[in-house]
Number of protein chains: 2
Amino acid sequence: MTESISLVEAFKQTKYQIAGNGKRNIQILKEAFEQIDGEQDSDIYGNGKVIEAFQEKMATYLGKESAVFFPSGTMAQQIAVRIWCDEKGVKKVAYHPLSHLEIHEEDGLKELHHIDTLLLGDEAGLIGLEDVLNLDQEIACLLLELPQREIGGQLPDYKTIVEISEYCKANGIRLHLDGARLFEILPYYQKSAAEVCSLFDSVYISFYKGIGGLAGAILAGDKEFTQQSKVWKRRHGGDLISLYPYIISANYYFDKRISKMEQYYENAIELAALFNSCPFIHTKPAVPVSNMFHVHITRPKAQLEAVLEEIYYKTGIGLTSYLKETNKSSASFEVSVGDQYNSIPKDKLQEVFQLLQVKLK
Amino acid sequence: MTESISLVEAFKQTKYQIAGNGKRNIQILKEAFEQIDGEQDSDIYGNGKVIEAFQEKMATYLGKESAVFFPSGTMAQQIAVRIWCDEKGVKKVAYHPLSHLEIHEEDGLKELHHIDTLLLGDEAGLIGLEDVLNLDQEIACLLLELPQREIGGQLPDYKTIVEISEYCKANGIRLHLDGARLFEILPYYQKSAAEVCSLFDSVYISFYKGIGGLAGAILAGDKEFTQQSKVWKRRHGGDLISLYPYIISANYYFDKRISKMEQYYENAIELAALFNSCPFIHTKPAVPVSNMFHVHITRPKAQLEAVLEEIYYKTGIGLTSYLKETNKSSASFEVSVGDQYNSIPKDKLQEVFQLLQVKLK
């Protein structure tokens, strides 16, 4: 992805942005710590009230026996997969071709853990029950990402997950949930986090997607699993003497935003419909199933940049700071709805899409 | 190490403590962020002004071409060793038998990187030039820890380091510095950090020992080395979207305390002399060469606990919160001098050691 400096500049000068919870600035930390008593003790290498209380809170929320706080999801998920591979003595995991582990982690799973991967299903689609039933290699673990981020945040039917879960249980395959955006899909499924997580042996969740915290992750499962994960956390260099900057902010923004996921989801449906009303534009999914979707525009990137910049300066509303060139005549970007969407005056937003309809040709 | 709850309690209630910079509480973060503008941007996955500026500042301070901020030293050092092993195609590192990598990291180097270790020198002493000259196996990297923490923070003559460095250079062995306490030894050697670091191919430093920050580390070396270290940082799950809570606090406390290392060192010499004036007590080293030393007392742990508790309640001064039983008739603890030492009234401190002299029998 090459960034257009003028698009970034135009975006920075907008008053409103359709996506996200606001700027990633240091105020995010300062706000979370404003009401925190400075006399409170730090966590010390995974121990202490601040980390233990949050881990228990998340274990309860996810309906799991135990939970461990990690600095990153990259670390948490590699470790989950490693534990399941060691348990079975089979160094193979199956996941989607566009899994975070496959495309964003510099092959950590292979380079550090020597675990082979089986890419399951088609890049443009979801892993289906058929893909799992037709596995032709022995695997220790199947990793499902819900929603599948790189294809716009798509989701299988809930029934499919249940069937995959049952098949895995019956066939000695551990099922791991990449739940970076788990909170965001609960309104669509109309399930609690614990209900979804009950289908999985291990679960990872993140605190800087919809929740809008600083960083950090939780890995949850049964006690034996999380106990092992703490040993690996130390090996990875993730057992920091103090993780409280992430824990306290995760807790603060969890409490602030967990009840807003329904709103983000409904806003995403509304916003995607506005995009789909424009010529040459379609969203993936057509109707969002979480707070996120991808916008695809069948026009050349350079032409689109000029159109977007003009609209940003004219309306003060920013749609995206980047465009990803999908081919010579098409580009796309990602939208994840958060707090900011509802602060945009509706008439202003209408103006943006009226301009888009006129300018795209 | 089993902790005595009553000793911990007695220690907690003291007004003064001889070691450290104060409690590890959340005020450490709050103080560092008090004057920071909330509008300042976060770092994003290793990029951005806040991380780049600090990395450059540290590279300059250490006299190295380039520096990378890591969440932990455990991560930084495993990665340094891995890079040197890959470079030579020899998966073996030599270090002291009580190296942090050997005893505190759950064998991460072996389990994640499959690197064999050669324990060099005697557990109770330092690695000497002879140990290096007599290496009987091929190694890619030699790791030196200055000062050697687990034996009280001892140091070799500077000449020995120079000779080891020259030998390594001439024999294709990379020399890595575990400089967790590098700042603390500069007053003894009367050298700049850059002078010491010029003897090493790669250097790790920490920000929560003498500097008293939250957590975090810097790994420095030439550009090719640090560039590779960033790839491994991502693989380890250490390339967090935001590391600024550690970076900003590291920078704040570095500026606050870097000029105090001479004071801590002199205070440590004074304090060790007070301990050595008591019967049954000796320090390692006898005369400190940094801000740290170990206190060894040839009396049974339980008897010592009772003596210490009595002194803490009587004087309001805490010497240690724990005792490590070295054998049935002997115990020890570690002292790292920081800001707190100078705030203790001298007559009060005299009283503590007069009591120790009387009570130990």
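Protein chains get the first letters and strands the later ones, always in sequence-line order, with residue 1 at the start of each.
- For chain B, the option among A/T74, A/D107, A/I26 with the highest count of heavy-atom pairs below 4.5 Å is A/I26.
- Only the side chain of B/I248 comes within contact range of chain A, with heavy atoms under 4.5 Å apart.
- Of the atoms belonging to B/D239, not a single heavy atom falls under 4.5 Å from chain A.
- Within the 4.5 angstrom heavy-atom criterion, only side-chain atoms of B/Q78, from C-beta onward, approach chain A.
- For B/F70, no part lies under 4.5 angstrom from a heavy atom of chain A.
- Inter-residue side-chain proximity for A/S42 and B/I28 is flagged as unmet; no heavy-atom pair is nearer than 4.5 Å.
- Residue contact with chain A, scored on non-hydrogen atoms closer than 4.5 Å, involves the backbone of B/E34 exclusively.
- In this structure, no portion of B/L109 lies under 4.5 Å from any heavy atom of chain A.
- Dense packing is recorded around CD of A/E31, with more than 12 heavy atoms of other residues, nucleotides or ligands lying under 6.0 Å away.
- With contacts defined as side-chain heavy-atom distances shorter than 4.5 Å, the pair B/R24/A/I241 qualifies.
- Here the CG-NZ distance, from B/D37 to A/K30, works out to 7.5 Å after rounding to the nearest 0.5 Å.
- The two residues B/L240 and A/A215 have their closest heavy-atom pair at CD2-CB, 4.3 Å.
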Point to revise | Steps toward side chain to side chain contact (heavy atoms under 4.5 Å, CB included) verdict (A/I36, B/L29) | key: CA-CA 11 Å; A/I36 300 291; B/L29 175 78; over 6 Å; no
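- B/R234 contributes a side-chain N or O that, together with a main-chain N or O of A/H104, makes up a donor-acceptor pair within less than 3.5 Å.
- Atoms CE and NE2, from B/M75 and A/H236 in turn, are 8.0 Å apart once rounded to the nearest 0.5 Å.
- In the displayed structure, A/K23 atom NZ is contacted under 6.0 Å by at most 12 heavy atoms of other residues, nucleotides or ligands.
- Counting heavy atoms from C-beta on, the side chains of A/L112 and B/H113 come closer than 4.5 Å.
- Considering all non-hydrogen atoms of both residues, A/Y246 and B/P245 come closest at OH-CD, 3.9 Å.
- Both the backbone and the side chain of B/F33 come within less than 4.5 Å of a heavy atom in chain A.
- Listed here is the closest heavy atom pair of B/N25 and A/Y244: O-OH, 3.6 Å.
- Contact annotation for A/I44: only side-chain heavy atoms (C-beta onward) come within less than 4.5 Å of a heavy atom of chain B.
- Between the side chain of B/S72 and the backbone N or O of A/G237 there is at least one donor-acceptor pair closer than 3.5 Å.
- The environment of CD in A/E224 is sparse: at most 12 heavy-atom neighbours from other residues, nucleotides or ligands sit within 6.0 Å.
- Between atom NZ of residue B/K110 and atom CZ of residue A/R235 there is a gap of 11.0 Å, rounded to the nearest 0.5 Å.
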